[in-house]
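Remember, it's a predicted structure, so these values are computed and weren't measured experimentally. Counting starts at 1 for both ligands and their atoms, in listed order.
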Amino acid sequence: MITLQSYVHGQWVAGTGAPKTLHDPSTEAVLGQVHPGGIDFAAVLRHAREVGGPALRALGWKRRGERLKALSALLHEHRDALLDIATQNGGNTRGDGKFDLDGASGTLAYYAKLAEALPEGNTLGNTLVDGEGVQLGRTPRYFGQHVFTSRPGVALHINAFNFPAWGMGEKMACALLAGVPVVEKAGTPSALLAFRIAQLVVQSGILPEGSFQFVAGSASGLLDLLGPMDAVAFTGSAATGALIRGNANLVQRNVRVSLEADSINAAVLGPDVEVGSDTFEQFVANVVVDMTQKAGQKCTAVRRILVPAALLADVQEALLERLATIVVGNPAQADVRMGPVASAEQLRDVRAGIDRLAAVAKVLRGGSQPVPGPGYFVQPTLLLANDSHTPVLHELEVFGPCATLLPYDGSAAAAVELCNRGGGSLVASAYSDDRAFVEALVHGIAPWHGRIWLGSEKTMGQAIGPGAVLPGSIHGGPGRAGGGEELGGLRGLALYLQRTAVQGDRAVLGRLFGLDAAPAS
Ligand code: NAP
């Protein structure tokens with residue numbers, strides 16, 4: 001059994017306190033343990049601010065990008081061994097593990113590429129010009145230019161258990177490129193993968209000392225020490241998110257906080273879609289992937305499947321047929337298509353959640369009954385709502401392989417109303433070739449969603465499904481989804497940068513920020 005350690009202020013520390021155990025969720029075998037306490041968080045923050053931050057910022061944009069590229073290559077080099085850990089400690093199939101790990105290396109590589117187009121630096125150091133400047137005086141001489149600079153603080157990243165590699169990688173990519181040192185806190189149940197990645201990162205020496213620290217135990221107490229130049233990026237449940245947002249120190253010192261919380265994502269089938277068409281096939285395939293990939297433990301997974309009442313019988317049949325082909329079991333076996341949920345706690349929560357849904361919906365397959373043998377297994381569970389407007393269907397996130405069919409009358413207005421009942425979601429997907437329907441839907445749901453994924457006849461075979469978070473598009477959503485915004489190209493750096501309006505002589509600003517020569521006045 002391995003004891004996970006934290007990498008803090010230049011050393012590996014085992015921690016103190018009663019250990020929490022990490023399991024193989026397929027067999028329930030104990031794999032490791034974490035001691036939750038004993039980290040000197042004041043020293044962690046000092047090390048990041050005084051050692052890591054200055055070293056990172058001294059590199060400039062382009063060379064920080066080169067480090068991200070090297071990190072991406074590092075993950076790729078150790079891919080097979082890391083995938084084995086994802087199977088053992090995460091219950092991931094090979095495909096699930098690749099989704100997490102390749103998502104991490106791909107996002108790091110994406111930001112490395114973006115950095116190639118950034119400046120080396122300029123007389124103000126880590127400054128990025130933000131948009132066009134504006135004339136502020138009577139003549140063009142008095143001028144205003146917005147610029148971004150790296151904040152001399154620390155990025156605390158609190159990650160969920162479901163994406164130990166991608167969650168850490170995508171947050172690191174943005175903060176490190178912005179010139180801000182990171183403290184990565186892993187979600188405990190699956191922390192073995194994050195720990196191994198942390199070991200590789202430290203051993204590689206790719207990042208300057210102090211710019212990467214890793215906390216394997218609890219982050220309790222760390223929030224109370226953060227200051228105005230620091231930022232917290234959290235991914236996890238709405239309940240923990242609310243605790244973090246309400247932390248008195250963070251509120252009092254206006255520490256930036258970005259929350260990615262849970263989300264009751266909807267998939268909408270348009271009334272125009274013919275059974276068996278490419279659009280219908282995409283819809284069915286994507287819903288099944290979302291329900292079963294990572295055993296449904298994806299923040300972007302579909303939980304509500306909106307289907308025109310006239311198409312319900314066909315959709316039901318198609319989904320049940322596909323779900324019946326999903327082999328559930330230990331993902332170490334090659335034929336298995338869906339593994340267990342991550343922990344005994346998750347299993348308990350998922351079963352209880354299915355029971356709550358089953359009180360207002362008919363279970364068409366699966367359900368909360370125990371699966372014989374060891375392991376935290378749940379069968380893919382499809383339900384049909386008795387009444388699509390029942391609040392719990394729009395409020396309860398069952399974080400497992402579970403989704404509910406919600407019949408609607410086929411109008412865009414009804415679909416909009418149901419989608420927005422989620423109270424703010426990360427993503428909604430819509431499948432239709434009817435332009436008027438799509439237009440009305442997009443206008444109606446956009447304010448309540450961070451991302452809208454449109455599938456149609458023309459996109460067949462062109463697009464990765466709605467459950468995948470791509471670094472070029474933002475990830476986050478309003479309301480219960482947390483209100484945060486990550487990724488989206490250079491937008492993802494905003495959490496770690498300060499925007500300042502600099503006003504003065506156009507020629508001075510031009511020299512400071514490398515602007516083109518002033519237009520003739
Ligand atoms: P969680 O229980 O809220 O934990 C998330 C993280 O917060 C973990 O690292 C956890 O550490 C830490 N934590 C717990 N209590 C804390 C506290 N009082 N102060 C500081 N940190 C604390 O969520 P989870 O069970 O890991 O993840 C599942 C949830 O995450 C689901 O609801 C899912 O929808 C959501 N999620 C959202 C996104 C998104 O991008 N929006 C992505 C993935 C998952 P320990 O593990 O040590 O308790």
Looking at Ala104 and Ala165, what are the two nearest heavy atoms and their distance? CB-O, 3.5 Å

Using a 3.5 Å cut-off on N or O atoms only, is Ala261 in polar contact with ligand 1? yes

Among protein heavy atoms, which lies nearest atom 23 (O) of ligand 1, and at what distance? Ser237 N, 3.4 Å

Lys185 N/O to ligand 1 N/O under 3.5 Å: yes

Closer than 3.5 angstrom, by distance alone: can the side chain of Thr459 be matched with the main-chain N or O of Gln462 as a donor-acceptor pair? no

Going by heavy atoms in the side chains, are Asp100 and Lys294 under 4.5 Å from each other? yes

Quick check: does Asn159 get an N/O under 3.5 Å from an N/O on ligand 1? yes

For ligand 1, does Phe161 get within less than 4.0 Å through its side chain, its backbone, both, or neither, judged by non-hydrogen atoms? both

Carboxylate-amine/guanidinium contact Arg94 Asp80, below 4.0 Å: yes

Ignoring hydrogens, just give me the one of His157, Glu486, Glu397 whose non-hydrogen atom is nearest atom 31 (C) of ligand 1. Glu397

Side chains of Trp448 and Arg480: does their closest heavy-atom pair fall under 4.5 Å? no

Among Glu170, Glu184, Glu260, exactly one meets side chain to side chain donor-acceptor pair (under 3.5 Å) together with Asn159. Which residue is that? Glu184

Taking atom types as modelled and ignoring hydrogens, do the side chains of His475 and Glu486 form a donor-acceptor contact shorter than 3.5 angstrom? no

Any Lys/Arg nitrogen of Asp230 or Arg49 sitting under 4.0 Å from an Asp/Glu carboxylate oxygen of the other? yes

For ligand 1, which part of Pro36 has a heavy atom less than 4.0 Å away: the side chain, the backbone, both, or neither? neither

Could you check whether any heavy atom of Phe163 sits closer than 4.0 Å to an atom of ligand 1, since that is the contact criterion I want to use? no

Can you check whether Gly91's main-chain N or O pairs, donor with acceptor, with Ser26's side chain at less than 3.5 Å? no

Looking only at protein heavy atoms, what sits closest to atom 18 (N) of ligand 1 is Leu243 CD1, 3.9 Å

Which option wins on minimum heavy-atom distance to atom 45 (P) of ligand 1: Ile244, Ile158, Thr188? Thr188

Please compare Cys299, Gly236, Ala342 and report which has the shortest non-hydrogen distance to atom 35 (C) of ligand 1. Gly236

Counting only heavy atoms, which portion of Phe234 has something under 4.0 Å from ligand 1: side chain, backbone, both, or neither? side chain

Among all protein heavy atoms, pick out the one at the shortest distance from atom 5 (C) of ligand 1; state its residue, atom name and that distance to 0.1 Å. Thr235 O, 3.5 Å

So, are Arg79 and Asp84 salt-bridged, with charged N and O less than 4.0 Å apart? no

Contacting atoms of ligand 1, where contact means under 4.0 angstrom from a heavy atom of Ala160: 26 (O), 27 (O), 30 (O), 44 (C)

Taking non-hydrogen atoms only, is His475 closer than 4.0 angstrom to ligand 1 via side chain, backbone, both or neither? side chain

Go through ligand 1 atom by atom and flag the ones less than 4.0 Å from a non-hydrogen atom of Asn162. 43 (C), 44 (C)

Got the closest protein heavy atom to atom 13 (N) of ligand 1, with its distance? Thr240 CG2, 3.7 Å

Classify the side-chain pair Asn386/Lys362 by whether it contains a donor and acceptor separated by less than 3.5 Å. no

Keeping the roles fixed (side chain from Asp349, backbone from Val398), state whether a donor-acceptor pair exists under 3.5 Å. no

Atom indices of ligand 1 within 4.0 angstrom of Ala186 heavy atoms, with elements: 9 (O)

Determine whether Arg421 and Leu393 make a side-chain contact, defined as any pair of heavy atoms from C-beta on separated by less than 4.5 Å. no

Can you tell me the protein heavy atom closest to atom 48 (O) of ligand 1 and the distance? Lys20 NZ, 4.4 Å

Which bit of Thr300 gets closer than 4.0 Å to ligand 1, counting heavy atoms only: side chain, backbone, both or neither? neither

Is the closest heavy atom of Gly484 to ligand 1 under 4.0 Å? no

